[in-house]
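This report refers to the structure that appears directly beneath it.
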There are 2 protein chains.
Amino acid sequence: MVTIASKKREIKCPITAMLQLIGGKWKPVILYCLRSEKRRFGEISARIPDLSRKVLTEQLKELEEDGLLTRQQFNEIPPRVEYELTELGKSLAPVLNEMEKWGIENIIEKPNKANAAQSTD
Amino acid sequence: MVTIASKKREIKCPITAMLQLIGGKWKPVILYCLRSEKRRFGEISARIPDLSRKVLTEQLKELEEDGLLTRQQFNEIPPRVEYELTELGKSLAPVLNEMEKWGIENIIEKPNKANAAQSTD
DNA sequence: TTGGCCGGTTACTTAAAGGTAACAGGTTAC
DNA sequence: GTAACCTGTTACCTTTAAGTAACCGGCCAA
């Protein structure tokens, strides 16, 4: 996967630019999951059950490379790893909040379905 | 392609829900392009040069099926087709505005900040 | 001796997205 | 009579994302 660093200079559209960082099926969900607290790998995985551990590992690595979160590894047995948003990652909060709001108002609550919103938080 | 209509009832996370609608490489850019005015097919294409006409057609069709924009075809020679956001599409404005803002502040204007660790200075 | 704990990695496969190039159609301009 | 105009469509191919399943280390409890 190409991180933003190698592409940055080619980008002119701010939307395209930001999609380089948080595009993909899972990244916004992962960031949303971490928005208020640091979490362990297994915690994130449990909160996003449809996301395989392999893909989660990949996405976390890319997010770390792009400076959106930090990975802290504790050399314990069994191992423990914590992921936490950086300041840059936290600065995405308004975007994620608007996304959440829109999703709730226009999809979760509106459609024919009594579908209780279950957040990843 | 699966439109949101067929998936809506399975979705619990608002972020996931909204990614069903505007996920993908180009949809946010297209919506951003249409945010303030209706545009012709060729206009959109010209404004997003890296997006092929084939993919643009596909994405526009999906966005129309999901109720985010309308397609108005004029039976003229040569043909003219105009795309315009619906109210639902316009309601995405806050999301797109935050994305634009973030992209400008954190990538366009600060090209070396996101990966400061790799910087040599 | 086996299996669970946790956070992965590896190898393989499938599904989805996206790209290129050629062509269509009806009228007008050359 | 041919090319351009505009908005596609079609056929075909490549790239990327994502999914599955098995396995790893190192310690501990049964």
Side-chain angles (χ1 to χ4, degrees), chain A residues 1-4 6-7 10 13 15-16 19-31 33-34 38-66 69-84, chain B residues 1-4 6-7 10 13 15-16 19-31 33-34 38-66 69-84:
Chain A
M1 171 59 68
V2 183
T3 55
I4 191 65
S6 60
K7 294 225 161 186
E10 308 161 20
C13 165
I15 303 288
T16 303
L19 289 178
Q20 301 274 340
L21 278 173
I22 64 155
K25 189 170 172 180
W26 296 113
K27 281 182 185 172
V29 183
I30 294 169
L31 294 167
C33 179
L34 289 170
K38 75 172 71 159
R39 294 196 186 282
R40 298 181 57 173
F41 182 87
E43 259 183 292
I44 305 172
S45 187
R47 283 166 185 276
I48 317 178
D50 291 342
L51 171 57
S52 72
R53 282 176 309 159
K54 177 204 146 209
V55 173
L56 178 55
T57 304
E58 287 170 0
Q59 303 295 299
L60 286 168
K61 196 174 295 175
E62 289 177 20
L63 290 168
E64 190 193 0
E65 285 169 3
D66 285 335
L69 53 80
T70 57
R71 175 182 190 276
Q72 188 176 7
Q73 182 172 347
F74 299 86
N75 292 318
E76 308 167 351
I77 298 294
R80 179 160 61 105
V81 181
E82 288 180 349
Y83 294 91
E84 186 174 13
Chain B
M1 174 64 55
V2 184
T3 55
I4 190 64
S6 60
K7 292 224 163 188
E10 309 160 21
C13 165
I15 303 289
T16 303
L19 290 178
Q20 300 277 338
L21 279 172
I22 63 156
K25 190 170 173 181
W26 296 113
K27 282 182 184 173
V29 183
I30 294 169
L31 294 167
C33 177
L34 288 170
K38 75 173 70 162
R39 294 198 189 279
R40 298 182 58 174
F41 181 88
E43 257 184 295
I44 304 172
S45 187
R47 281 166 185 274
I48 316 179
D50 291 340
L51 170 57
S52 71
R53 284 175 306 157
K54 179 204 145 208
V55 173
L56 177 55
T57 305
E58 287 170 0
Q59 303 294 299
L60 286 168
K61 197 174 294 175
E62 289 177 20
L63 290 168
E64 191 194 0
E65 285 168 2
D66 284 336
L69 54 78
T70 56
R71 176 182 190 277
Q72 188 176 7
Q73 182 172 348
F74 299 86
N75 291 319
E76 307 168 354
I77 299 296
R80 179 161 62 105
V81 181
E82 288 180 351
Y83 294 90
E84 186 174 15

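A, B, ... follow the sequence lines: proteins, then strands. Residue 1 opens every chain.
- A straight line from CD of B:E43 to P of D:dC5 spans 17 Å, rounded to a whole angstrom.
- Side-chain atoms of A:I30 and A:L51, non-hydrogen and from C-beta on, do get closer than 4.5 Å to each other.
- Considering only residues two or more places apart in sequence or on other chains, B:T70 meets the side-chain contact (heavy atoms from CB on, under 4.5 Å) condition with B:E84, B:T86.
- In terms of phosphate contacts, B:Q73 brings no side-chain nitrogen or oxygen within less than 4.0 Å of OP1 or OP2 of D:dC6.
- At its two ends the helix from C:dT1-D:dA30 to C:dC30-D:dG1 runs along axes set 30° apart, each axis drawn from five pairs and the angle rounded to 10°.
- B:W26 pairs in a side-chain contact (heavy atoms from CB on, under 4.5 Å) with only one of the listed residues (B:I48, B:L31, B:L63), which is B:I48.
- Considering only heavy atoms from C-beta on, A:E64 stays 4.5 Å or farther from A:L60 through its side chain.
- Regarding B:E76, its CD atom lies at a distance of 16 Å from the C1' atom of D:dG8, rounded to whole Å.
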Would you list the protein and nucleotides 19-23 of chain C atom pairs, both N or O, that sit under 3.5 Å from each other?
| residue | atom | partner | partner atom | Å |
| --- | --- | --- | --- | --- |
| C:dG19 | N7 | B:K54 | NZ | 2.9 |
| C:dG19 | O6 | B:K54 | NZ | 2.4 |

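- The minimum heavy-atom distance linking A:P28 with B:I15 is given by the pair CB-CG2, 3.8 Å.
- Within the nucleic acid shown, B:Y83 comes within 4.0 Å of sugar-phosphate atoms alone, with no base atom in reach, counting heavy atoms only.
- Screening A:R53, A:R39, A:R40 for a side-chain contact (heavy atoms from CB on, under 4.5 Å) involving A:S45 leaves a single residue, A:R53.
- In this structure, B:K61 has no salt bridge (charged side-chain N to carboxylate O under 4.0 Å, His left out) partners at least two apart in sequence or on a different chain.
- The nearest whole Å value for the distance from the CD atom in B:Q20 to the P atom in C:dA16 is 12 Å.
- Whole-Å rounding puts the A:I48 CD1 to D:dG19 P distance at 12 Å.
- Across the protein-nucleic acid pair, B:L60 atom CG and D:dT9 atom P stand 10 Å apart, rounded to whole Å.
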Exercise. Mind running side-chain contact (heavy atoms from CB on, under 4.5 Å) on A:T16 and B:D50 for me, showing each step along the way?
Key: CA-CA 11 Å; A:T16 303; B:D50 291 340; over 6 Å; no
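- For B:R80, the salt bridge (charged side-chain N to carboxylate O under 4.0 Å, His left out) partners at least two apart in sequence or on another chain are B:E76, B:E82.
- In this structure, the CG atom of B:L19 is 15 Å from the P atom of D:dA17, given to the nearest Å.
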Quiz item: Taking protein heavy atoms under 4.0 Å as touching, what does nucleotides 25-30 of chain C look like 5' to 3' if B marks base contact, S marks sugar-phosphate-only contact and - marks none?
Solution: BBS---
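- The two atoms that bring A:K27 and A:I22 nearest to each other are CB-O, 3.9 Å, heavy atoms only.
- Between B:R80 atom CZ and D:dC5 atom C1' the separation is 14 Å, expressed in whole Å.
- Phosphate proximity of C:dA17 to B:Q59: absent, as no side-chain N or O sits under 4.0 Å from OP1 or OP2.
- Within the 4.0 Å cut-off from OP1 or OP2 of D:dT9, at least one side-chain nitrogen or oxygen of B:K61 is found.
- Between the CD atom of B:E62 and the C1' atom of C:dA17 there is a distance of 10 Å, rounded to whole Å.
- Put simply, B:R40 has no side-chain N or O that comes within less than 4.0 Å of OP1 or OP2 on D:dC6.
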